[in-house]
S.K.: 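Right, I'll just put the structure down here and ask away after.
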2 protein chains.
Amino acid sequence: MGPTTMSEDDNPTAAMLAIGDELLSGRTKDKNIGHLAEAMTLIGIGLKEVRIVADDADAIIEAVNTLRSRYTYVFTSGGIGGTHDDITADSVSTAFGLPCIYNDEAMTRLTTHYQRRGIEFNASRQRMARMPEGATLIDNPVSTAPGFVIGNIYVMAGVPSIFQAMLDNVIPTLKGGVPLISETVECPFGEGDIAARLGEIQKAHPETSIGSYPRFSAEGFRTQLVVRAREKADVEAAAADIRSMLEAMTAH
Amino acid sequence: MGPTTMSEDDNPTAAMLAIGDELLSGRTKDKNIGHLAEAMTLIGIGLKEVRIVADDADAIIEAVNTLRSRYTYVFTSGGIGGTHDDITADSVSTAFGLPCIYNDEAMTRLTTHYQRRGIEFNASRQRMARMPEGATLIDNPVSTAPGFVIGNIYVMAGVPSIFQAMLDNVIPTLKGGVPLISETVECPFGEGDIAARLGEIQKAHPETSIGSYPRFSAEGFRTQLVVRAREKADVEAAAADIRSMLEAMTAH
């Protein structure tokens, strides 16, 4: 959708920063971006940008500072474990100009967690309690080591089950917007057959955003047309026009 | 891995820019980033950064201009079809300060393609021949409509089968680097048990980069340790030290 379609200026916005060499080497296929995208759509927060950067302090700091100045919320994944390549907490602290300290509450939770299991709470495990001074914790029901919030940055784990559990704890604390309503119309034609008429329908319904998603299969191109808007009536009106267009084309 | 590990300064670098509202709404889960990441790793080009932006001209222009000034190659996906929401060609043209024109060779290919199939080569389909003046084509063996190269930007389709086919055509034209060799060591311990010793092994092998990737399962945490370097001997030496560490831990 281009600049002519509906404004989302009054809705909160978000960006995601996925951190990790393994995502850029192809070793790990990210699963958190799509999950966050769906979750934001459901609560009416517009995910506007995603970046993936390496476990590199300069890259993380630059991305954090750019994104936090632009969007209502920034969510990060990855790099908060206890090994030498986990530098997210340090980098986010530097981005905010804050010392990276051992958070008291996180130390308490981790001490209890490892005591119960009879596992040594060694220096590496203690590293997982480090975060910028003044950060608040994001609960981790899976493996205890918490994420944290500082400013408008939500720092979460990269392991998908933990990322998702942390996000579940974060979402009720966010100021959501008006969720977009969407309707998908299956189109048996390729984009080239519908583009001109679809463009006219988009113009006639500026309060909606109409996306066109081709798929290539053995029978050639098929297209899914997705109408999105704040108001159900707007979605239905544009979708009705699309269906009329398709019926007229099929009748030919 | 942090700044203390091996330098990749002499290797070519790359970034990816995935374009499309559907990726940010969660409707479509990107499959091209992981594919590009694997391909770059194989040919020794360091993928340093990925961005996902909406079908928004300003966002595309800014990302294109930032990334093309930083990296050897920039690969884009999405937004090159014939519908109103396909604005990649226009945005890339604007980023380069070039007019967006109907490329002669692309028009010829598309004319032939649609003539053969008895399909009208209408204005919407002709839009797929638009690209910055001076661009060269990237062949599309799947559905003819070409991608294009302008400067160090490679503009490709978002449909995964077409993206992959286009990338196959692009790769032989790139200046590759020295591919990283990697070895994965399965570790039956969580990161907290190995972090200190692993950090020492990383320090003892600065020519390698050692990544630590925890997985959470019913039995608790397991970790995959991945050693990467240019030279096989370096990988093997670090992997041997890791295996010795694990054997000593298991013997306890």
Side-chain angles (χ1 to χ4, degrees), chain A residues 1-3 21-30 33-35 37-41 47-57 59 81-85 87 119 122-125 127 142-143 159 161-162 180 191-192 194-196 198-199 202 209-216 221 226 228, chain B residues 1-3 21-30 33-35 37-41 47-57 59 81-85 87 119 122-125 127 142-143 159 161-162 180 191-192 194-196 198-199 202 209-216 221 226 228:
Chain A
M1 65 185 104
D21 292 355
E22 69 278 17
L23 301 171
L24 294 170
S25 72
R27 185 194 163 280
T28 299
K29 302 291 182 291
D30 169 83
I33 295 170
H35 181 82
E38 286 181 349
M40 291 298 106
T41 298
L47 181 63
K48 296 297 186 186
E49 183 172 354
V50 175
R51 296 190 186 186
I52 307 176
V53 299
D55 297 313
D56 175 90
T83 54
H84 62 278
D85 56 346
I87 61 169
I119 296 171
N122 59 22
S124 303
R125 295 193 169 100
R127 278 197 73 205
V142 178
S143 57
V159 175
S161 59
I162 305 176
L180 290 183
E191 287 189 315
I194 55 167
L198 193 69
Q202 172 70 83
S209 141
I210 304 174
S212 161
Y213 304 112
R215 281 192 198 171
F216 192 71
F221 276 105
V226 180
R228 298 185 189 89
Chain B
M1 64 184 102
D21 292 356
E22 70 278 16
L23 301 170
L24 294 170
S25 73
R27 185 194 163 280
T28 299
K29 304 290 183 292
D30 169 84
I33 296 170
H35 181 82
E38 287 182 349
M40 292 298 106
T41 298
L47 181 64
K48 296 298 186 186
E49 182 172 353
V50 175
R51 296 190 186 185
I52 307 176
V53 298
D55 297 311
D56 174 271
T83 54
H84 63 277
D85 56 347
I87 60 169
I119 295 172
N122 59 22
S124 304
R125 297 194 168 100
R127 278 197 74 204
V142 178
S143 57
V159 175
S161 59
I162 305 177
L180 290 183
E191 287 190 313
I194 56 166
L198 193 68
Q202 172 69 84
S209 140
I210 304 175
S212 162
Y213 305 111
R215 281 192 198 171
F216 192 72
F221 277 105
V226 180
R228 298 185 191 91

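Just so we're on the same page: letters track the sequence lines, and every chain starts at 1.
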S.K.: Under the rule for side chain to side chain contact (heavy atoms under 4.5 Å, CB included), what residues qualify as partners of R27(B), not counting sequence neighbours?
M.R.: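 With sequence neighbours excluded, R27(B) shows a side chain to side chain contact (heavy atoms under 4.5 Å, CB included) to Y213(A), R215(A), Q224(A), V226(A), R228(A), E22(B), S25(B), given in chain and number order.
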S.K.: Rounded to the nearest 0.5 Å, how far does CD of Q202(B) lie from OG1 of T83(A)?
M.R.: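 That separation rounds to 10.0 Å.
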S.K.: Can you tell me how far the CG atom of L24(A) sits from the CD atom of E49(B), to the nearest 0.5 Å?
M.R.: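 So the CG of L24(A) and the CD of E49(B) are separated by 8.5 Å.
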S.K.: Would you give the length of the straight line joining atom OG1 of T41(B) to atom CG of D21(A), rounded to the nearest 0.5 angstrom?
M.R.: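 The CG atom of D21(A) is 10.5 Å from OG1 of T41(B), to the nearest 0.5 Å.
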S.K.: Between atom CG of L23(B) and atom CG of L47(A), what is the distance when rounded to the nearest 0.5 Å?
M.R.: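 One gets 10.0 Å once the value is rounded to the nearest 0.5 Å.
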S.K.: In the structure I gave you, are the side-chain heavy atoms of D30(B) and I33(A) within less than 4.5 Å of one another anywhere?
M.R.: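 They are not in contact (no side-chain heavy atoms under 4.5 Å apart), so the answer is no.
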S.K.: Given the options G199(B), A123(B), G82(B), S212(B), which has more heavy-atom pairs under 4.5 Å with chain A than any of the others?
M.R.: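 So the answer, after comparing G199(B), A123(B), G82(B), S212(B), is S212(B).
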S.K.: Among residues at least two apart in sequence or on other chains, which ones pass side chain to side chain contact (heavy atoms under 4.5 Å, CB included) with S124(B)?
M.R.: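 Side chain to side chain contact (heavy atoms under 4.5 Å, CB included) check on S124(B) returns A195(A), A196(A), N122(B).
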